[in-house]
Amino acid sequence: MTLQTSIKRNAYYDSVTLMLLSRELQKLDGVEDVLVGMGTDLNLDLARGLGLATDDFDSLTANDLFIAAKFEEDLISMQKIEEAFLETLNKSTESDGDDDYQPSSLHAAIQAIPGANMVVVSVPGQYAAAEVEDALDAGLHVMLFSDNVSVEDELRLKQKAVEKGLLMMGPDCGTAIINGVPLCFANAVRRGKIGVVGASGTGTQEVTVQIHKLGEGLSQVIGTGGRDLKDQIGGLMMIQGFEALIADSQTDVIVLISKPPAPAVAEKIYRIAKDSPKPVVIDFIGGNRAAIESVGAIACISLEDAAQKAVGILRGQPVTDFTGFSIAEEEIERLVANAAAKLKSDQTELRALFTGGTLADEAMKLLGVNYDIYSNIPLSPEMAIKNLPEGRGHICLDLGEDEFTRGRPHPMIDPQTRTDFFKSHVDGKTGVILVDVVLGFGSHSDPAGAVAASVREIRQRLSNQGKDVVVIASVCGTDLDSQDLHKSVATLEEEGILVMPSNAQAVRLTDRVMQRMIKGV
Amino acid sequence: MSVNDLFKQELKVVNLGLKSFHTDLKSQGVTAVHVNWKPKAGGKKKMLDLLSKINKVK
């Protein structure tokens, strides 16, 4: 086994391109481990941690590309690895079919398209604030996808945006749909009369998808970034977006989505909701229902419920909490009985493996007090995954969190992280596996296929112990998404996976099967 | 341009960072341009701070 590295000075490629390339090179015969990256401090630390760094790494800058590989010299050479790198890189750049002029700076780009009005920023976090500031100074709206932007920078940039009447969506803003154009990770949905401001990416995606499935559409979908409703930022962008939707003639109903805000920030939102001439539906996932209702807004019990209520109000129908299933109870009971019959009495543990953080959070909140669920985003500190007793208990993971995405793409882009967790976290004690499958722009081309392949493998493994497992999924996607909702559902169902129409319903079915296994009810 | 003015215009996007976001926009026929971005000054913090100071003086 040998470790060799190759450095290409002044050759910049974005992190997702390089992480996906690393994954491809890893598949080469004879390669034990490989890392391709730019010479940023983060990547250099990662390379050192993996034992893939050489002495010349000290001279690297963020504009230098490195390929570091451990391989069997009898089977492959560094030259072959570099050739494979170039071939894969060329393929990935050819496949986007884009040979348009690429200006080298924001200002040159603004010159290149007269009337430019939105800047999408996804450069590494440490460089993002400067670019955003330039964009705002030039009078352009911003969607800031990058994370690792300081809260001080976020506050300063949002204050500037508000002063100028501009949007500054982010940092860490994954989804937005402006004027019908999906930005970053968004689903293809029809246009309509419901406007959304969301502080949580997959939560917003789930609401927009459910609105589309119910036959209505979206006027605008504004993201704020996850920290917007904390005290430090004071809800600057949610308020900016909320007021814009109130003034927007194309919006008839407004939906606000966030984890519970800081109390002082919630108060500001409630004051605006109280004076809003348009109906306001609020899902502060697990938030204060009485406070929401006291200002005349409509409170929700799930993301799906938020969509149902927004659509109901738009259609002038009475709205009530949607607590059940959109499938007949007899059919649900049949599914539960069949599922429970597959399991042995010791298969009582839940493995919820999510790619969407808000969907994982919603799952834990809906499952509630019946279960002690250990998680990397626990509902209370004592339920942190590190406290899991001897690996046994219920687990719900947000696989998109930083700890799982160091040096590898987000699991919505590359399903490999979840594939690995299927292997490491599912065993003969697992009763139910709960997953989300998120479609849409930015997402993997076939996430349902990846889940189906994992389930096939798990079933083969468990069959050696004379066991099976119940797998429940929901697909956050539409018939207009390139991955296609119906095709994705069919792929999952062919593998015997129970596919529910929403995350909330998938969680409820999980609860029913688990209760049947634990208590026999 | 206010947010409500933006809602009345054709969206025209400048993309800095992940190329795939630009590709998605082009595939939908959105007017968009991708910046051939790389960190200024090789990403060295000291140099970036200096550049920022120079720009402010300008």
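So that the names make sense, note that chain A is the first sequence line, chain B the second, and so on, each numbered from 1. In this text the structure is predicted, and so the values were computed from the model without any measurement.
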Q) With a 4.5 angstrom heavy-atom cut-off, which part of A:D134 approaches chain B: side chain, backbone, both or neither? A) side chain
**Q.** A:S105 versus chain B, the contacting section by heavy-atom distance below 4.5 Å
**A.** backbone
Ignoring hydrogens, what is the shortest heavy-atom contact between [X] and [Y]? Give both atom names and the distance.
{"X": "A:L166", "Y": "B:M1", "value": "CD2-O, 3.4 Å"}
{"X": "A:S15", "Y": "B:L18", "value": "OG-CD2, 4.2 Å"}
{"X": "B:V14", "Y": "A:A116", "value": "CG2-CB, 4.0 Å"}
{"X": "A:N117", "Y": "B:K12", "value": "OD1-N, 2.8 Å"}
{"X": "B:V35", "Y": "A:A109", "value": "CG2-CB, 3.6 Å"}
{"X": "B:V3", "Y": "A:Q240", "value": "CG2-NE2, 4.1 Å"}

Chain B interface, residue from [options] that has the most non-hydrogen pairs under 4.5 Å:
{"options": "A:L183, A:D64, A:I110, A:D248", "value": "A:D248"}
{"options": "A:H141, A:M38, A:E243", "value": "A:H141"}
{"options": "A:I113, A:I222, A:I178", "value": "A:I113"}
{"options": "A:G139, A:C184, A:A135, A:G39", "value": "A:C184"}

Q. Residues of residues 186-195 of chain A under 4.5 Å from chain B (heavy atom pairs)?
A. none
Please look at [X] and chain A and tell me whether the side chain, the backbone, both or neither of the residue comes under 4.5 angstrom of a heavy atom of that chain.
{"X": "B:Q9", "result": "both"}
{"X": "B:L25", "result": "side chain"}
{"X": "B:V33", "result": "both"}

To the nearest 0.5 Å, tell me how far [X] [atom1] sits from [Y] [atom2].
{"X": "B:F7", "Y": "A:L167", "atom1": "CZ", "atom2": "CG", "value": "6.0 Å"}
{"X": "A:E131", "Y": "B:L16", "atom1": "CD", "atom2": "CG", "value": "5.0 Å"}
{"X": "A:S122", "Y": "B:H22", "atom1": "OG", "atom2": "NE2", "value": "12.0 Å"}
{"X": "A:Q102", "Y": "B:K19", "atom1": "CD", "atom2": "NZ", "value": "5.0 Å"}
{"X": "A:Y101", "Y": "B:H34", "atom1": "OH", "atom2": "NE2", "value": "12.5 Å"}
{"X": "A:Q250", "Y": "B:N4", "atom1": "CD", "atom2": "CG", "value": "11.0 Å"}

Q: Go through B:L11, B:V30, B:D5 and name the one with the most non-hydrogen pairs under 4.5 angstrom from chain A.
A: B:L11
Q) Taking the side chain as C-beta and beyond, is there a heavy-atom pair between B:L6 and A:M118 under 4.5 Å? A) yes
Q. Side chains of B:Q28 and A:P182: closer than 4.5 Å at any heavy-atom pair?
A. yes
Q.
If we ignore hydrogens and angles and just use 3.5 Å, is the side chain of A:N63 paired with the main-chain N or O of B:K38 as donor and acceptor?
A. no
(Q) Below 30° counts as parallel, above 60° as perpendicular, anything between as tilted: where do the rings of A:Y12 and B:W37 land? (A) perpendicular
